[in-house]
Amino acid sequence: MAITDDVLVIGGGLAACTAALSAAETGAQVRLLAHKKSTLRQASGLVDVLGYAGGEGPFANPFDAIDALPENHPYHLVGEDGIRDGLRLFDEAVGDAYRGGHTDDNALVVTYGGSMKPTARYPTSVAPGLLSSSGDMLLVGIENLTDFDAPVAADHLAAAGVPFSVRGVTLPFPKSFRSDAKVTRFAKALDRNESVDGGTVRSVLADAVADKLDGESRVGFPAVLGDDHAEEVRDELADRLGGSVFEVPTGPPSLLGLKLEDMLFDALDEAGVRISSGNPAVDFEADDDRIETVLVDQKSRLTPYEADQIVLATGGLVGKGLDSDRERVTEPVFGCHVPHPEDRYDWSEPEAFGDHEFARFGVVPDDELRPTDADGESHFENLRAAGGVVGGAHVAREKSASGVSLSTGAVAGRLAGEDATQ
């Protein structure tokens, strides 16, 4: 017997979660079909809408820059209303764990490399470190966490001309772990305030930082300041240091990304979305221009999933929503058309950070986000696409990845839900 729902969303990342939440708002019965852990846990936890376009930026207001994007950019399909709807769904899902919803303007956030990143939403733990905030800054690195070199990051910020003094120091963590210890191990030690020589993890860490302070009123740590009791950890450190304490988003694996993933899946549970995880969608059955069944590989047994409407949100090349070899680029589940130059050497530029063609690879959606074939006709009338699998955006250069996922997810999910329930 097939597993049957109104809307089936395939994927487990930001776009898939948003599409499922949007579809559920229409009253549709929704299932999220997730294979692997999402790329959220590799991400910074920041939510970017648009920072750069047309060789300009960073932009104070992302909505002011949309017209500078190429005609085939997903934002031109979903429009400003679609972007705002995606942000609304995000704000409702994460509540007061994130800031930025009070304004259209981007905030400038310190990155672990010492650059300034324009972003639309950011964790509350990051807020005291915004470059628009006042107060001199001390960045603190942890010896075993090599992703964040605090002195180098501080030097980069100072060279960029930030309007405050910034220094960086590197300190040992009060408790010794293996060199390959996960970031969650540091966070849990702070959560539990584990005992160490000279006191507790929090007190010893605060004392070590206090010895390095030279009048700074803000102290930034890599994003490991607690998990279940993060606010308590930050409050105690701030009280002991007599200033503001904030987290600097770090590279993968990202504790802020893990927390965001948990919040989104909690929101899905609350919205009544059914979640099936751990098995990939590998094939389908169709009747003319409608997908009737999605086949899921469950330990080498194909299990059928049926839905009136389907949203494909499996990600781009990084998330394996697109496959590539030396000859071609493909969308592996439904075989949707992915335009790309025939000559593989035209896929990229010689410069590492050049304007690479492969960065824009993806399916080409119509005005209702249905993937189209080489002739511009929709492959299937009940299939829509969202997120990284949609082509046309160079999200790394634009700083638009989260915004593209949220907006296309919101619109694709709403349209799928409306079609399924009419």
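The two residues L256 and P123 make their nearest non-hydrogen contact at CD1-CG, 4.0 Å. Scanning all heavy atoms of the two residues, the minimum distance from V389 to G321 falls at CG2-O, 4.0 Å. Nearest heavy-atom pair across P74 and V390 is CG-CG1, 3.9 Å. Scanning all heavy atoms of the two residues, the minimum distance from F148 to V140 falls at CE2-O, 3.4 Å.
Note on R384 versus D366: no salt bridge recorded, every NZ/NE/NH1/NH2 to OD/OE distance being 4.0 Å or above. Between R202 and D235, none of the side-chain N atoms (NZ, or NE/NH1/NH2) sits under 4.0 Å from a carboxylate O, so this pair counts as no salt bridge. K188 has a carboxylate O that lies under 4.0 Å from a charged side-chain N of D228, or vice versa, which qualifies the two as a salt bridge. Under the 4.0 Å criterion applied to side-chain N and carboxylate O atoms, D81 and R84 are not assigned as salt-bridge partners. At a threshold of 4.0 Å, the pair K259-E231 does not count as salt-bridged, since none of the basic side-chain nitrogens sits closer than that to a carboxylate oxygen.
Between the side chain of K399 and the backbone N or O of A396, at least one donor-acceptor pair lies under 3.5 Å. With hydrogens and angles disregarded, no donor-acceptor distance shorter than 3.5 Å links the side chain of D6 to the backbone of G417. Looking at H35, its side chain never comes within 3.5 Å of a backbone N or O of G12 through a donor-acceptor pair. Panel note: side chain H394, backbone R360; no donor-acceptor pair is recorded below 3.5 Å. Looking only at distances, a side-chain donor or acceptor of E247 sits under 3.5 Å from a matching main-chain atom of V224. T408 places a side-chain N or O within 3.5 Å of a backbone atom of G387 that can act as its donor or acceptor partner. Of the possible donor and acceptor atoms, one in the side chain of R218 sits under 3.5 Å from a partner among the backbone N and O of S133. Put simply, the side chain of S22 never gets that close to the backbone of T18: no donor and acceptor are under 3.5 Å apart. Side-chain atoms of Q29 come within 3.5 Å of backbone N or O of T4 as a donor-acceptor pair. Formation of a donor-acceptor pair under 3.5 Å by the S407 side chain with backbone atoms of G82 is not found in this model.
With a 4.5 Å cut-off on side-chain heavy atoms, L131 and F164 count as touching. Taking 4.5 Å as the limit, some side-chain heavy atom of L108 sits within range of a side-chain heavy atom of P118. With contacts defined as side-chain heavy-atom distances shorter than 4.5 Å, the pair L264/L40 qualifies. Using a 4.5 Å heavy-atom cutoff, the side chains of L89 and E25 are in contact. Side-chain contact between Y122 and L130: present, with at least one pair of heavy atoms (C-beta onward) separated by less than 4.5 Å. Within the 4.5 Å cutoff, the side chain of V411 has no heavy atoms near those of the D85 side chain. Within the 4.5 Å cutoff, the side chain of D147 has no heavy atoms near those of the P222 side chain. In this structure the side chain of L50 reaches within 4.5 angstrom of the side chain of L69, judged on heavy atoms.
For the pair R185 and F173, the cation-pi test (distance below 6.0 Å, angle within 45°) is failed.
Distance check: D104 CG to D64 CG gives 8.5 Å after rounding to the nearest 0.5 Å. Distance check: I3 CD1 to T293 OG1 gives 11.5 Å after rounding to the nearest 0.5 Å. Taken from NE2 in H340 to CG in L322, the straight-line distance is 10.5 Å, to the nearest 0.5 Å. From K182, atom NZ reaches atom CG of L255 across 12.5 Å, with rounding to the nearest 0.5 Å. Residue F334 holds its CZ atom at 6.0 Å from CG of L312, rounded to the nearest 0.5 Å. Of the inter-residue distances, the one linking T170 atom OG1 with I142 atom CD1 reads 8.5 Å to the nearest 0.5 angstrom.
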Start with the C-alpha distance between L225 and S125, add both sets of side-chain angles, then the distance that settles side chain to side chain contact (heavy atoms under 4.5 Å, CB included), and finish with yes or no. CA-CA 9 Å; L225 298 184; S125 64; over 6 Å; no
Where do D5 and V30 land on the side chain to side chain contact (heavy atoms under 4.5 Å, CB included) test, with the steps shown first? CA-CA 6 Å; D5 299 278; V30 183; over 6 Å; no
Between L139 and L157, does the side chain to side chain contact (heavy atoms under 4.5 Å, CB included) criterion hold? Intermediate values first, please. CA-CA 11 Å; L139 298 179; L157 287 170; 4.1 Å; yes
Please determine whether side chain to side chain contact (heavy atoms under 4.5 Å, CB included) holds for the pair V233 and F221, giving the CA-CA distance in whole Å, both sets of side-chain angles, and the decisive distance to 0.1 Å. CA-CA 12 Å; V233 172; F221 294 84; over 6 Å; no
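Heavy-atom neighbours of R99 CZ from other residues, nucleotides or ligands within 6.0 Å: at or below the threshold of 12. The neighbour count for D325 CG, taken as heavy atoms of other residues, nucleotides or ligands under 6.0 Å away, is above 12. Counting non-hydrogen atoms of other residues, nucleotides and ligands closer than 6.0 Å to CD of E80 gives a total above 12. The environment of R328 atom CZ is sparse: at most 12 non-hydrogen atoms of other residues, nucleotides or ligands sit within 6.0 angstrom.
Side-chain polar atoms of T119 and D48 form a donor-acceptor pair below 3.5 angstrom.
Exactly one of V109, V110, V162 qualifies for a side-chain contact (heavy atoms from CB on, under 4.5 Å) with M116. That residue is V162.
Below 30°, between 30° and 60°, or above 60°: for F361 and F358 the angle between ring planes is above 60°, a perpendicular geometry.
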